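Since the model is a prediction, treat every value here as computed from it, not as a measurement. Just so you know, residue 1 is the first one in the sequence shown, and it goes up from there. What you see below is based on every heavy atom in this structure, not just the backbone, and it leaves out hydrogens, waters and symmetry mates.
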Amino acid sequence: MGTESNSDGLASDIAEPPTDDLGFTLNCAVWALAGASVLFLGLRIYAKLWRGRRLWWDDYILIAGWLALAISCAFQTVCVSFGLGKHGRFIKPENLPSLLLFSYLAGFFSILAAVWTKSSFAITLLSISEGWTRKIVLFILVSVNIVLGLNAALQWVQCWPVSKLWLSGPGVCWLGFARVRAYNTFVAAYSGAADIVLALLPWKIIWTAKIRRNEKLGALFAMSMGVFAGITSFLKIASLVAIGNSDLITMVTLFIFATAEGAVTIIAASIPILRALLHRQTLTSTPDMKRAPWNAWYGSDAHWTLAGTR
């Protein structure tokens with residue numbers, strides 16, 4: 001289908017688009033992701049409290065990440081009530097300002113969810129790493145907060161006055177949609193790479209541990225689930241064409257992948273802790289294990305697992 005550009009650089013369809021409505025699909029997808037992630041988060045918290053362990057900073061930050069994810073989903077639902085999910089030409093003009101405002105709010109909180117959930121997992125790894133591994137984790141923690149923090153800020157400073165983002169009128173947008181899309185592509189790629197590196201770093205820690213082979217493989221699998229969060233970030237890149245596209249139905253895919261990024265990270269960060277719930281008496285601790293670098297985090301109780309109990 002051919003396209004043309006309006007004076008603001010927005011792409012629009014020449015031909016009349018069909019009357020598709022993906023609003024219901026969006027609501028089902030994002031709330032299913034939010035529901036699945038809060039289930040794993042709840043089990044993570046239960047697993048720790050069940051073993052008499054207190055919650056730590058990574059737990060509280062992960063909880064904050066889920067709350068940001070839920071707020072983003074709520075704003076997306078509001079957007080659907082204003083017509084999100086339909087082609088741009090079928091959205092009532094009087095609803096467009098509200099739809100755009102709440103879509104920016106939804107995007108902002110989805111970024112917060114991503115940065116906080118990734119930070120939680122990085123803080124978890126800081127507790128069990130040392131040497132050059134710890135330096136890498138610390139670099140990723142700081143850089144991800146900077147890169148995604150700038151991404152969140154750019155949403156609100158790319159135009160002046162800020163209201164020009166959702167209202168027509170005088171003002172200037174100094175970045176332009178092409179630059180915003182380019183930076184978002186970089187952010188998604190960097191975020192995905194960071195997830196994969198954080199998922200693979202535990203291999204260095206666990207591989208040298210003096211534990212049974214099957215326990216070692218199980219721990220490696222549990223700690224490496226973050227790879228799927230990285231894959232989700234890379235998949236989101238294809239949906240970034242929605243930025244600056246006047247046919248707002250393209251935002252549906254972007255919102256789903258943005259929500260999935262935070263939700264999958266929460267699930268990936270919770271699975272290692274759930275391993276304690278399923279394998280409470282997996283391995284009796286030994287003097288070697290008590291000297292392990294992660295002992296301060298996992299504790300020295302009689303049944304040691306790589307499952308995040310303090």
(request) Dump the intermediate steps for side-chain contact (heavy atoms from CB on, under 4.5 Å) on I45 and L55, then the final yes or no. (result) CA-CA 7 Å; I45 295 171; L55 301 183; 4.1 Å; yes

(request) Give the C-alpha distance, both sets of side-chain angles, the deciding distance and a yes or no for side-chain contact (heavy atoms from CB on, under 4.5 Å) between I63 and W66. (result) CA-CA 5 Å; I63 292 171; W66 185 85; 5.9 Å; no

(message) side-chain contact (heavy atoms from CB on, under 4.5 Å) for V144 and L148? Distances and angles first, verdict last.
(response) CA-CA 6 Å; V144 163; L148 273 76; 4.0 Å; yes

(request) Take F90 and D21 through the test side-chain contact (heavy atoms from CB on, under 4.5 Å) and record every step on the way to the result. (result) CA-CA 10 Å; F90 294 94; D21 189 348; over 6 Å; no

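Judged by distance alone, with hydrogens and angles left aside, the side-chain atoms of S98 form no donor-acceptor pair with the main-chain N or O of N95 at under 3.5 Å. Judged by distance alone, the side chain of S110 and the main-chain N or O of G107 form a donor-acceptor pair under 3.5 Å. Side chain of T253 to main chain of T250: no donor-acceptor pair is present (N/O by atom type, distance under 3.5 Å, no hydrogens or angles). Of the possible donor and acceptor atoms, none in the side chain of N27 sits under 3.5 Å from a partner among the backbone N and O of F24.
Under the 4.5 Å side-chain heavy-atom criterion for Ile, Leu, Val, Met, Phe, Trp and Tyr, Y60 and I266 are members of the same hydrophobic cluster. L39 and L33 sit in two unconnected hydrophobic clusters of ILVMFWY residues. Membership requires side-chain heavy atoms under 4.5 Å apart, directly or through other members. In the hydrophobic clustering of ILVMFWY residues, with side-chain heavy atoms under 4.5 Å counting as a link, F234 and V241 come out apart.
Annotation: side chain of S270 is not in contact with side chain of L43 (no heavy-atom distance under 4.5 Å). Looking only at side-chain heavy atoms (C-beta outward), D58 and R44 come within less than 4.5 Å of each other. Side-chain contact between L126 and R134 is present, with at least one heavy-atom pair separated by less than 4.5 Å. Counting only heavy atoms from C-beta outward, the side chains of L175 and Y183 never approach each other to under 4.5 Å.
The two residues F255 and S103 make their nearest non-hydrogen contact at CZ-O, 3.6 Å. Across all non-hydrogen atoms, the minimal contact from V172 to K164 is N-CD, 3.7 Å. Residue V180 comes nearest to Q158 through the heavy atom pair CG2-OE1, 3.4 Å, listed as atom of the first residue, atom of the second, then distance. Taking both residues in full, the closest heavy atoms of K118 and S233 are given as NZ-OG, 3.9 Å, listed atom of the first, atom of the second, then distance. Pairing each heavy atom of A64 with each of W116, the nearest pair is O-CE3, 3.5 Å. In this structure, G65 and A113 approach most closely via the heavy-atom pair O-CB, 3.4 Å.
Taking CG of L201 as the reference point, atom CD1 of I128 lies at 9.5 Å (rounded to 0.5 Å). Note that the CG atom of L100 and the CG atom of L96 stand 4.5 Å from one another [nearest 0.5 Å]. Taken from CG in L22 to CD1 in I256, the straight-line distance is 8.0 Å, to the nearest 0.5 Å. For the atom pair CG (D59) and CG (L49), the distance works out to 8.5 Å, reported to the nearest 0.5 Å. Here the straight-line distance linking atom CG of L99 with atom SG of C79 works out to 5.0 Å at 0.5 Å rounding. Summarising the geometry, atom CZ belonging to F40 is positioned 12.5 Å from atom CG belonging to L62; distances are rounded to the nearest 0.5 Å.
Below 30°, between 30° and 60°, or above 60°: for Y104 and W156 the angle between ring planes is between 30° and 60°, a tilted geometry. Ring geometry for F75 versus F102: interplanar angle of 30 to 60°, hence tilted.
Side chains of S72 and Q76: a donor-acceptor N/O pair is present below 3.5 angstrom, by distance only. One side chain, N145 or S119, offers a donor N or O that lies under 3.5 Å from an acceptor on the other. Checked by atom type, the side-chain pair W31/T77 shows a donor-acceptor distance below 3.5 Å.
For Y190, the OH atom sits in a packed shell: over 12 heavy atoms of surrounding residues, nucleotides or ligands are nearer than 6.0 Å. The 12-atom threshold is not exceeded at CH2 of W160, counting heavy atoms of other residues, nucleotides or ligands nearer than 6.0 Å.
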